[in-house]
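Remarks on the structure that follows.
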Amino acid sequence: MKTYKEIKRVEYEGKDSKNPFAFKYYNPEEVILGKKMKDHLKFAMSYWHTIDYCGVDMFGGPTENKDFGETDPIKIYEKKADFAFELMDKLQIEYYCFHDVDIAPFTDDLEESYKNFDHMIDYIEKLQKKYNKKLLWSTANNFGDKKFMAGAATSPNADVFALSALKVKKCLEADVRLGGTCYVLWGGREGYDTLLNTNMKLELDNLGKFMQMTRDYGRSIGFNGDFLLEPKPKEPTKHQYDFDSATCCNFIRTYGLMGDFKLNIEANHATLAGHTFEHELCTARVNDAFCSVDANQGDPLLGWDTDQFPTNVYDTTLAMLEVLRAGGFKNGGLNFDAKTRRQSNTLEDILLAYIAGMDSFALGLRVAVKLIEDGRLDEFVKNRYKSYESGIGKKIVEGTTDFKELADYAMKNKNVHVESGRQEYLESVINEVMFNLK
Ligand code: XLS
Ligand code: CA
Ligand code: CA
């Protein structure tokens, strides 16, 4: 197999190619449903998993090194940034996402940390121009440092709330400068482990106020994109306030954030919440809150957030069907919040993992488009609800009936017949369209 250095650029070679460093299904410039594949999919690289993660797990240290031969902290982060942009270029990935602490060395000295951060933002801005890449979103890591052990905006300590505001303010400013179209707020520590020490009402109201201030400050400095909550039920906190799409939508409505705040849906988080990925996407869509995706997959046999590269095409198909139904990505995109397995510890593995993930979503897009063109699924659903298109059903939809009329109607109706849901047939249609073997 070739080495990382020898691969100049990963190109589309089509499904018969056996070249491990080529796309078999992702053809960035190919037009599908009037749009280039690269604009349908808007792939993004996650900085934390790709540039910083070194294979550490709870039982063992790093299995790879990403210091790129440097020892000076700033130099290490400059080399990381060089690597990040070169990698995106090789993979034809247009967007990237980062946490504040991913891109610069942070220490206990805040002033020094922000000097480092500002230096790295200058550095990255130049690389962005050189390689013609775009920021999809950034986010403040308000969960790693021990000061956030009891939460950030939901900490029982007001000084931590203020520190969280500083971190989001600085990160939002960087996001605006780098042209980010979204800004993410994931609340890993926003929740609780036991009610014995928790004032839930105060914590939720404080979180609501924090989001309102985030919105107001962002808009005041010219951020025109979408603020995103990212649902996750647990890990690291036992009960997270951003549990799932429905919980987040309720939070957004309760605190008057509709329109400004939308959702970033992660596949692995859906699994942890006991939902399917497509359920979370659909819930976001029907609440007008769909925006972006953190693409990965979990392992149904492991109860934690494994952040694996997505390779299950059945899942990517059902996800892309939802993305297409939501009208596609606008400010959002498809960020690979995924890391190579601990034993896949070479730079080549990073290329192979992204190729696997990108091709899996390209396949998902292709099959989803075929399912729409085939029309059998949509037609079935339309027919299933046809009783709402006329008569009493139409009145229900239009809100022009009441319990009195409905009760009279039901009393006289001797013939109530609900038709088969045909689940097995519909699942077989997906297989037929997906495999279409001669
Ligand atoms: C962790 C989350 C996190 C967010 C950004 O599980 O996925 O990485 O995407 O803070
Ligand atoms: Ca995520
Ligand atoms: Ca995750």
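All values derive from a computational prediction rather than experimental measurement. Atoms within each ligand, like the ligands themselves, are counted from 1 in listed order. Positions are given from 1, in the same order as the sequence printed here.
- Judged by the 6.0 Å distance and 45° axis criteria, K42 is not positioned over the aromatic ring of F329.
- For K80 and Y77, the positive end sits near the middle of the six-membered ring, less than 6.0 Å away and at most 45° from its axis.
- The protein non-hydrogen atom at the shortest distance from atom 3 (C) of ligand 1 is W186 CE3, 3.7 Å.
- Nearest N, O or S atom of E230 to the Ca ion (ligand 2): atom OE2.
- Residue-and-atom listing of protein N/O/S atoms under 3.0 Å from the Ca ion (ligand 3), sorted by chain and number: E266 OE2, H269 NE2, D305 OD1, D305 OD2, D307 OD1.
- Using a 4.0 Å cut-off between heavy atoms, D337 contacts ligand 1 through its side chain alone, with no backbone atom that close.
- Side-chain contact of E173 with Y217: a donor-acceptor pair under 3.5 Å is present, judged by distance alone.
- For the pair K167 and F148, the cation-pi test (distance below 6.0 Å, angle within 45°) is failed.
- With a 6.0 Å radius and a threshold of 12 heavy atoms from other residues, nucleotides or ligands, E6 has its CD atom above the threshold.
- Between H269 and ligand 1, at least one N/O pair is under 3.5 Å apart.
- For the pair K262 and F290, the minimum side-chain heavy-atom distance is 4.5 Å or more.
- Crowding of D122 atom CG: a count of heavy atoms from other residues, nucleotides or ligands under 6.0 Å exceeding 12.
- Annotation: cation-pi pair K90/Y4 present, NZ/CZ under 6.0 Å from the ring centroid and within 45° of its normal.
- Within the 4.0 Å heavy-atom criterion, neither part of E235 lies near ligand 1.
- Remark: minimum distance from atom 9 (O) of ligand 1 to any protein heavy atom is reached at E230 OE1, 2.6 Å.
- At under 3.5 Å, not a single nitrogen or oxygen of N264, backbone or side chain, sits near a nitrogen or oxygen of ligand 1.
- L281 is not listed as a side-chain neighbour of L318, based on a closest heavy-atom distance of 4.5 Å or more.
- The shortest N or O to N or O distance between H99 and ligand 1 is under 3.5 Å.
- Close approach of ligand 1 to D305 (heavy-atom distance below 4.0 Å) involves ligand atoms 6 (O).
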Pair Y12, Y26 - check ring pair (Phe, Tyr, Trp, His ring centres under 6.0 Å), show working. CA-CA 6 Å; Y12 171 70; Y26 179 53; 8.4 Å; no
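- A 4.5 Å side-chain heavy-atom check between E11 and Q92 finds at least one atom pair inside the cut-off.
- Atoms of ligand 1 lying under 4.0 Å from any heavy atom of K232, numbered from 1 in the order shown and given with element: 1 (C), 6 (O).
- By the criterion of a heavy-atom distance under 4.0 Å, the side chain of D294, and not its backbone, is placed next to ligand 1.
- The shortest side-chain heavy-atom distance between Y123 and I103 does not fall under the 4.5 Å cut-off.
- Contact of the W186 side chain with the Q240 side chain is registered, since non-hydrogen atoms from C-beta on lie closer than 4.5 Å.
- Using a 4.0 Å heavy-atom cutoff, V184 is absent from the residues neighbouring ligand 1.
- Using a 4.0 Å cut-off to heavy atoms of E266, the atoms of ligand 1 that qualify are 7 (O).
- Of the heavy atoms in D307, none comes closer than 4.0 Å to ligand 1.
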